[in-house]
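Encoded as structure tokens, the structure appears first; notes follow it.
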Amino acid sequence: MTAIPEATGARGVPLPRGRETRVLGVFAHPDDETFFAGATLAAYAAAGCTVRLVSLTAGEAGVVGVAAARAAANEPDQVAIEAAADRGVVRYARACQALGVRDSGVIGGRRWRDLGPVPVPGSLAGPLAASSAEPLAGTPAEPSTGALAEAGAIGPVVACVKQTLTEVSPDVVLTVSDNGVTGHPDHITCHQAVRQALGLLAAEGRKVPLTLGGCVRTKDVRVAWERLALLTPTRPLGEGGIRGCATEEDLVALQFTEPSVQAKRTALDAYAPGLGTQPLAALVAGQTSVGDGVLLRAIAEVAGMDREFFQPLVHG
């Protein structure tokens with residue numbers, strides 16, 4: 001398979017159809033695309049590939065906080081939650097611009113909200129959590145080939161993702177790994193929806209694209225946690241859900257040159273000032289706790305900002 005030339009900002013990024021390769025990124029929230037595949041997306045864009053990025057929520061909790069987002073989502077007029085969504089879309093657009101991605105947006109008509117790491121009604125993972133038949137844990141198995149009706153509680157999410165896959169007809173799909181990286185139920189819902197949608201395409205006899213799930217390595221999580229603990233010895237570090245992939249043998253490791261790395265750093269800054277460019281010590285100074293965003297940044301530094309890792313989900 002052809003790979004992106006090093007001069008465009010990457011080494012080894014797959015190009016199934018050369019520069020005509022179409023790439024689709026499907027993630028639960030704005031910022032997931034940058035944390036888990038930012039340099040990869042930037043490299044594809046720099047190579048002249050057609051890249052489309054979609055988010056299943058507008059990142060409401062990332063804008064106003066979990067408590068405020070949930071309160072706003074329960075208001076009858078929905079004015080406050082829509083305002084938070086509008087701000088989330090603006091941040092998303094700025095990050096995508098930094099990555100060189102011109103085609104991006106929230107799909108599903110804002111039907112699902114980002115309401116924090118616990119599934120609640122209205123959140124992306126809310127229906128899945130309410131279904132005892134569908135656990136909140138991903139599996140590395142091949143995509144399901146059942147009918148859409150068998151998608152169960154996340155059937156509407158699957159249908160939305162399948163429609164996007166059909167419209168874009170990608171050669172490469174980027175999403176999140178089976179454990180959701182942070183364990184966030186919205187991430188896992190997104191992963192499962194992508195897998196089921198791909199299964200439906202396969203059942204219809206359509207070609208299923210190469211699909212990669214962004215992930216982090218367990219050893220990098222451990223070192224990053226230790227590094228942050230030295231900077232913030234008395235503060236909580238992250239939300240406790242980041243575990244990483246312990247088995248590295250099957251991971252796809254991609255390496256990038258400075259243009260793609262800088263694009264990722266700039267995109268992270270679109271979500272929080274300095275998140276991609278400030279030293280870790282500056283990011284935690286004066287903070288009473290450290291969120292998953294800073295922990296993910298630390299993990300990226302430990303692994304090398306010029307590297308990203310993926311779990312192969314479908315070989316295409």
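As the structure is a computational prediction, the values presented were derived from the model and not from experiment.
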Go through the steps for Arg307 and Leu254 under the test side chain to side chain contact (heavy atoms under 4.5 Å, CB included), then give the verdict.
CA-CA 6 Å; Arg307 304 183 76 190; Leu254 303 180; over 6 Å; no

Please walk me through it: do Phe35 and Leu268 pass side chain to side chain contact (heavy atoms under 4.5 Å, CB included)?
CA-CA 8 Å; Phe35 277 122; Leu268 287 173; 3.6 Å; yes

Side chain to side chain contact (heavy atoms under 4.5 Å, CB included) evaluation trace for Val118 with Arg70
CA-CA 11 Å; Val118 177; Arg70 290 182 182 174; 3.5 Å; yes

Can you list the steps and then say if Arg206 with Thr166 is a side-chain hydrogen bond (donor to acceptor under 3.5 Å, both in side chains)?
CA-CA 10 Å; Arg206 303 187 189 185; Thr166 301; 3.2 Å; yes

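Side chains of Glu167 and Gln163: a donor on one and an acceptor on the other come within 3.5 Å. Side-chain contact check for Gln311 and Asp178: at least one donor-acceptor pair (N or O, by modelled atom type) lies under 3.5 Å.
The backbone N or O of Ala28 sits less than 3.5 Å from a side-chain atom of Thr57, completing a donor-acceptor pair. Proximity of a side-chain donor or acceptor of Arg17 to a complementary backbone N or O of Glu20 within less than 3.5 Å is detected. A distance-only check finds no donor-acceptor pair linking the side chain of Arg91 to the backbone of Ala270 [under 3.5 Å]. Within the 3.5 Å criterion, the main-chain N or O of Leu165 finds no donor-acceptor partner in the side chain of Ser169. The backbone N or O of Gly105 sits nowhere less than 3.5 Å from a side-chain atom of Ser55 that would complete a donor-acceptor pair.
Phe256 and Val252 end up in the same hydrophobic cluster when Ile, Leu, Val, Met, Phe, Trp and Tyr side chains are linked at under 4.5 Å. Val223 and Trp225 fall into different hydrophobic clusters, where Ile, Leu, Val, Met, Phe, Trp and Tyr residues are linked whenever their side-chain heavy atoms come under 4.5 Å apart, directly or through other members. With hydrophobic clusters built from ILVMFWY side chains whose heavy atoms lie under 4.5 angstrom apart, Leu237 shares a cluster with Leu283. In the hydrophobic clustering of this structure, Phe310 groups with Tyr44; members are Ile, Leu, Val, Met, Phe, Trp, Tyr whose side-chain heavy atoms approach within less than 4.5 Å, directly or through other members. Side-chain heavy atoms closer than 4.5 Å link hydrophobic residues (I, L, V, M, F, W, Y) into clusters, and following such links, even through other members, never connects Phe309 to Ile242.
Applying the side-chain contact (heavy atoms from CB on, under 4.5 Å) test to Glu75 and every residue at least two apart in sequence or in another chain returns Asp77, Ala80. Partners of Arg111 by side-chain contact (heavy atoms from CB on, under 4.5 Å), not counting sequence neighbours, listed by chain and number: Pro156. Shown here are the side-chain contact (heavy atoms from CB on, under 4.5 Å) partners of Val89, two or more places apart in sequence or in another chain: Ala58, Val106, Arg110.
Of the candidates His29, His187, His184, Phe36 forms a ring-ring contact (aromatic ring centres under 6.0 Å, His included) with just one, namely His187. In summary, of the residues considered (Val54, Val51, Leu53), a side chain to side chain contact (heavy atoms under 4.5 Å, CB included) with Ser104 occurs for Leu53 alone.
Considering every non-hydrogen atom in both Leu251 and Cys215, the closest pair reads CD2-SG, 3.7 Å. A pairwise comparison of heavy atoms in Gly183 and Ile188 identifies O-CD1, 4.0 Å as the closest pair. Scanning all heavy atoms of the two residues, the minimum distance from Thr175 to Val194 falls at OG1-CG2, 3.8 Å. In plain terms, the two heavy atoms of Asn179 and Gly244 that are nearest each other are ND2-O, 3.6 Å. Taking all atoms of both residues into account, the shortest heavy-atom contact from Val26 to Cys190 is O-SG, 3.5 Å. A pairwise comparison of heavy atoms in Asp31 and Glu33 identifies N-OE1, 3.0 Å as the closest pair.
Pairs engaging residues 261-289 under the salt bridge (Lys or Arg N to Asp or Glu O under 4.0 Å) rule: Lys264-Glu308 [sequence neighbours left out]. Within the structure, salt bridge (Lys or Arg N to Asp or Glu O under 4.0 Å) contacts touching residues 45-69 (residues at least two apart or in different chains) are Arg52-Asp103, Glu60-Arg113.
A salt bridge between Glu204 and Lys162 is present, with a side-chain N of the basic residue lying under 4.0 Å from a carboxylate O of the acidic one.
Heavy atoms from other residues, nucleotides or ligands lying under 6.0 Å from CD of Gln97 number 12 at most.
Using a 4.5 Å cut-off on side-chain heavy atoms (C-beta onward), Val172 and Pro170 make no contact. Here the side chains of Leu212 and Thr40 are not in contact, with every heavy-atom distance at 4.5 Å or above. With a 4.5 Å cut-off on side-chain heavy atoms, Asp171 and Pro209 do not count as touching. Counting heavy atoms from C-beta on, the side chains of Leu210 and Val173 never come closer than 4.5 Å. Val66 is not listed as a side-chain neighbour of Leu115, based on a closest heavy-atom distance of 4.5 Å or more. In this structure, the side chains of Asp32 and Val176 stay at 4.5 Å or more apart for every pair of heavy atoms. Residues Asn74 and Pro121 fail the side-chain proximity criterion, which asks for heavy atoms closer than 4.5 Å. Counting only heavy atoms from C-beta outward, the side chains of Val216 and Cys245 never approach each other to under 4.5 Å.
Atom OG1 of residue Thr189 and atom CD1 of residue Ile154 lie 6.0 Å apart, to the nearest 0.5 angstrom. The distance from atom CG of Asp306 to atom CD of Gln255, rounded to the nearest 0.5 Å, is 4.5 Å. Between the NE2 atom of His191 and the OG1 atom of Thr211 there is a distance of 10.0 Å, given to the nearest 0.5 Å. Rounded to the nearest 0.5 Å, atoms CG (Asp186) and CG (Leu124) are 4.5 Å apart.
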Please report, to 0.1 Å, the donor-acceptor pairs under 3.5 Å made by any side chain of residues 291-304, with sequence neighbours excluded.
{"from": "Asp292", "atom 1": "OD1", "to": "Glu239", "atom 2": "N", "distance (Å)": "2.9"}
{"from": "Arg297", "atom 1": "NE", "to": "Glu301", "atom 2": "OE2", "distance (Å)": "3.2"}
{"from": "Arg297", "atom 1": "NH1", "to": "Leu275", "atom 2": "O", "distance (Å)": "2.7"}
{"from": "Arg297", "atom 1": "NH1", "to": "Gln278", "atom 2": "O", "distance (Å)": "2.9"}
{"from": "Arg297", "atom 1": "NH2", "to": "Gln278", "atom 2": "O", "distance (Å)": "2.7"}
{"from": "Arg297", "atom 1": "NH2", "to": "Glu301", "atom 2": "OE2", "distance (Å)": "2.6"}

